Amino acid sequence: MSDASYRDAIFSTPLDRVARFSFDEKVVACFPDMIRRSVPGYGQILGMLGLIASRHLRHGAHVYDLGCSLGAAGLALAGTLPPDAFRYTGVDLSPAMVARARETLAAECPAHAIEVIEEDIRRLDYRPSGMVVLNFTLQFLAPQDRDAVVARLFEALEPGGVLVLSEKIRAADEQENAWLVERYHDFKRANGYSEMEISQKRTALENVLMPDTLEGHHERLARAGFPRSQTWFQFLNFASLIAFKDAVAPAPRGE
Ligand code: GEK
């Protein structure tokens, strides 16, 4: 994906009124650079998806990647699993993202069963699946819409199925949260973002990205029906959880 990627400079010039953040063509062009420099642990989480799938996914099962953007999770899975191991549906609301994801995935993994559809994950008619990836997408839904989506994912998962949920999180304790946010801004500075870029992006994301606490996520997963969930990754205020369809995990594959 790096060939068609530009450096993210969207908030590098003063904007009189910072517009609400949206996933348009401008964002698509620099998205790989933006997400790598602004989401701590992004590459590590993607790298683990293939390993998680190789342990939990029934051969030939269906996988959803919800809010797939440029299809990075699909690429990660196709990089680890052979073409007959899974069928992949990437879903995104942004036409610009969908167009670019289709191009990239067709070029990079032509032998895999891959489709990308333009749809709102709140309205999708979910088919039975072995794995669902929600990589930094639930955070963009209005808080009141999140429960219903997660409950539908629980219904769609087959026995043995797993949901991988990665999110920006907030700490319930104010002091703890302030420390995480300050260090997160240090992380962005260290990755080359200026003070103006950091503060303008923060304004643009206000009321667009509303993070939950880790406890809030686990409680929502339990309300949706998931008998078990655990946090498997955290780097500052970014985390990834896995939720299991079954109370008792089936014996991991390959052991
Ligand atoms: C990755 N998962 O690279 N329905 C469908 N898509 C949506 C909706 C919705 N209701 N709301 C937002 N999106 C990716 C990264 S980015 C995260 C995900 C980020 C889409 C939106 O268009 C965007 O492409 C994606 O969710 C969020 O692993 O930019 O921080």
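When a ligand or atom number is given, it counts from 1 through the structure's own listing order. The model shown is predicted, which means the values in this text are computed figures rather than measured ones.
No side-chain heavy atom of Phe31 sits less than 4.5 Å from a side-chain heavy atom of Arg100. A heavy-atom distance below 4.5 Å is found between the side chains of Gln230 and Phe244.
Only the backbone of Glu119 comes within 4.0 Å of ligand 1, counting heavy atoms alone; no side-chain atom from C-beta on gets that close. Contacts between Leu66 and ligand 1 below 4.0 angstrom, taking non-hydrogen atoms only, are absent altogether.
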Item to complete: List the steps, then state whether side chain to side chain contact (heavy atoms under 4.5 Å, CB included) holds for Tyr64 with Ile121.
Response: CA-CA 10 Å; Tyr64 273 118; Ile121 63 165; over 6 Å; no
Item to complete: Before giving the answer on side chain to side chain contact (heavy atoms under 4.5 Å, CB included), spell out for Leu77 and Leu57 the whole-Å C-alpha distance, their side-chain angles and the decisive distance to 0.1 Å.
Response: CA-CA 11 Å; Leu77 291 173; Leu57 201 61; over 6 Å; no
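Proximity to Asn135 (heavy-atom distance under 4.0 Å) selects the following atoms of ligand 1: 2 (N), 14 (C), 15 (C), 18 (C), 28 (O). Residue contact check: Gly67 has heavy atoms under 4.0 Å from atoms 2 (N), 6 (N), 14 (C), 15 (C), 18 (C), 20 (C), 25 (C), 26 (O) of ligand 1. Residue contact check: Asp120 has heavy atoms under 4.0 Å from atoms 4 (N), 9 (C), 10 (N) of ligand 1. Using a 4.0 Å cut-off to heavy atoms of Thr137, the atoms of ligand 1 that qualify are 18 (C), 26 (O). Ligand 1 places these atoms under 4.0 Å from at least one heavy atom of Leu141: 10 (N). Listed by atom number, the atoms of ligand 1 under 4.0 Å from Met97 heavy atoms are 24 (O).
Annotation: Phe136 places no N or O atom under 3.5 Å from an N or O atom of ligand 1; distance criterion only. At least one N/O-N/O distance between Asp92 and ligand 1 falls below 3.5 Å. Checked against a 3.5 angstrom limit, the closest N/O atoms of Leu93 and ligand 1 fall inside it.
Side chains of His217 and Thr231: no donor on one and acceptor on the other come within 3.5 Å.
Taking the charged nitrogens against the carboxylate oxygens, Glu167 and Arg220 have no contact shorter than 4.0 Å, which rules out a salt bridge.
Atom CG of Asp65 is separated from atom CE of Met131 by 9.0 Å, given to the nearest 0.5 angstrom.
Note on ring orientation: taking the six-membered ring where Trp is involved, the planes of Phe187 and Tyr184 are parallel (angle under 30°, cut-offs 30° and 60°).
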